[in-house]
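Atom set for the values below is all heavy atoms of this structure, side chains included, hydrogens, waters and symmetry mates excluded.
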2 protein chains.
Amino acid sequence: MLLDVICNLDFHFTPEDLQTALADQGCNMALTTIYRNLPSLENAGIIRRTTFMEEQERGASTYEHIWGKPHHDHLLCQNCGQKIEFQYDALEVLQEEVARQHGFTLLRHHMELVGLCPQCQESAP
Amino acid sequence: MLLDVICNLDFHFTPEDLQTALADQGCNMALTTIYRNLPSLENAGIIRRTTFMEEQERGASTYEHIWGKPHHDHLLCQNCGQKIEFQYDALEVLQEEVARQHGFTLLRHHMELVGLCPQCQESAP
DNA sequence: CTGTTATTGCTAATGATATGCAATACGTAG
DNA sequence: CTACGTATTGCATATCATTAGCAATAACAG
């Protein structure tokens, strides 16, 4: 049930969002239970915790489902909060390069680009 | 006093680290006060909050002082927790490029590369 | 059907951070 | 130097996300 709801959510969600979505499906699950299950789903590679530095002051952490999706990072509008997924291989290559320069083996990364989306540039220039 | 201690700390610190460091200097400051002052220092561009996705589960957020230092990102060893600062302009250029492709004006970014440092590669291969 | 184990919900603990408020330090005008 | 208004502090307490304890229930094997 939890899995099903997660896979039908299109974007970033908090544990509470999940609870609401579950309730909408007629399934009343305690928040505790959700919190207890999220780590398993994360380890299983079904969801990923994506807390944005930019928003993390106060508020629950967010997740997104990544099952079957290719790796991506996010572009975030500081004004409207809109999040855009992108994939840019050249960036990944350069990150590898940086790691190599320091003798590191790169395992993963967290990257978040913060700016103004086209609409917000117009409305607040 | 707070400022002085911060500038003498070489690396990432939590609010509690600050309290300890202050106490070492004979200055007993309540944690509350430290929490109240950190945002000002952050707005003033003296410190920057650098919570690592990789470590954030449980535990206080960390800051680093950036006053007078050039922009940099971090390479983090997942095994020993060692943090290395780096600067790699080509990466920044590509980030700009990604933003442009999506019509965004890039304001800043948060990037954290996670891997294994040279020492930890040997000891845990 | 019955005993065993895993999962749930509820309530209460935890830990980081924020807030209310009274006490104190500070800065300035006289 | 002194009196007063403002800003800063400490303390105790609140808040909020997350976790842990535990008893009740569901799932499941024999």
[X] side chain near [Y] side chain, heavy-atom distance below 4.5 Å:
X	Y	result
A:E85	A:D73	no
B:I6	B:L18	yes
A:P15	A:L38	yes
B:Y63	B:T51	no
B:M1	B:Q25	yes

I need the [X] [atom1] to [Y] [atom2] distance, nearest 0.5 Å.
X	Y	atom1	atom2	answer
A:I66	A:R49	CD1	CZ	13.0 Å
A:Q19	A:C27	CD	SG	9.5 Å
B:Q78	B:E54	CD	CD	6.0 Å

request  = State yes or no: are the ring centers of B:H74 and A:H109 separated by less than 6.0 Å?
outcome  = no
task = May I have the step-by-step check of ring-ring contact (aromatic ring centres under 6.0 Å, His included) for B:F52 and B:H12, ending in yes or no?
result = CA-CA 11 Å; B:F52 292 94; B:H12 303 264; 5.4 Å; yes
Residue-level proximity of residues 6-29 of chain B to DNA chain D when a heavy atom falls under 4.0 Å =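 B:N28, B:M29, in order of number.
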query = When you measure from every atom of DNA chain D, which of residues 31-52 of chain A have a heavy atom less than 4.0 Å away?
reply = A:T32, A:Y35, A:R36
When you look at [atom1] of [X], are more than 12 heavy atoms from neighbouring residues, nucleotides or ligands closer to it than 6.0 Å?
X	atom1	answer
B:E97	CD	yes
B:D10	CG	no
B:N43	CG	yes

task = Would you work out how much the helix from C:dC1-D:dG30 to C:dG30-D:dC1 bends between its ends, with each end axis defined by five base pairs, to 10 degrees?
result =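 The value is 20°.
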request  = For DNA chain C, note the earliest and the latest nucleotide, 5' to 3', having some atom under 4.0 Å of a heavy atom belonging to chain A.
outcome  =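 It runs C:dT8 to C:dA18.
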Positional range of nucleotides in DNA chain D within the contact set of chain A, heavy-atom, under 4.0 Å =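 Result: D:dA17 to D:dG21.
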query = How does the hydrophobic cluster around A:L91 look, that is, which other residues are in it when side-chain heavy atoms under 4.5 Å mark a link?
reply =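 Members other than A:L91 - counting any ILVMFWY side chain reachable under 4.5 Å - are A:L75, A:I84, A:F86, A:Y88, A:L94, A:V98, A:F104, A:L106, A:M111, A:L113, B:L75, B:I84, B:F86, B:Y88, B:L91, B:L94, B:V98, B:F104, B:L106, B:M111, B:L113.
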task = Would you check if the side chain of A:D17 reaches a backbone N or O of A:T14 as a donor-acceptor pair within less than 3.5 Å?
result = yes
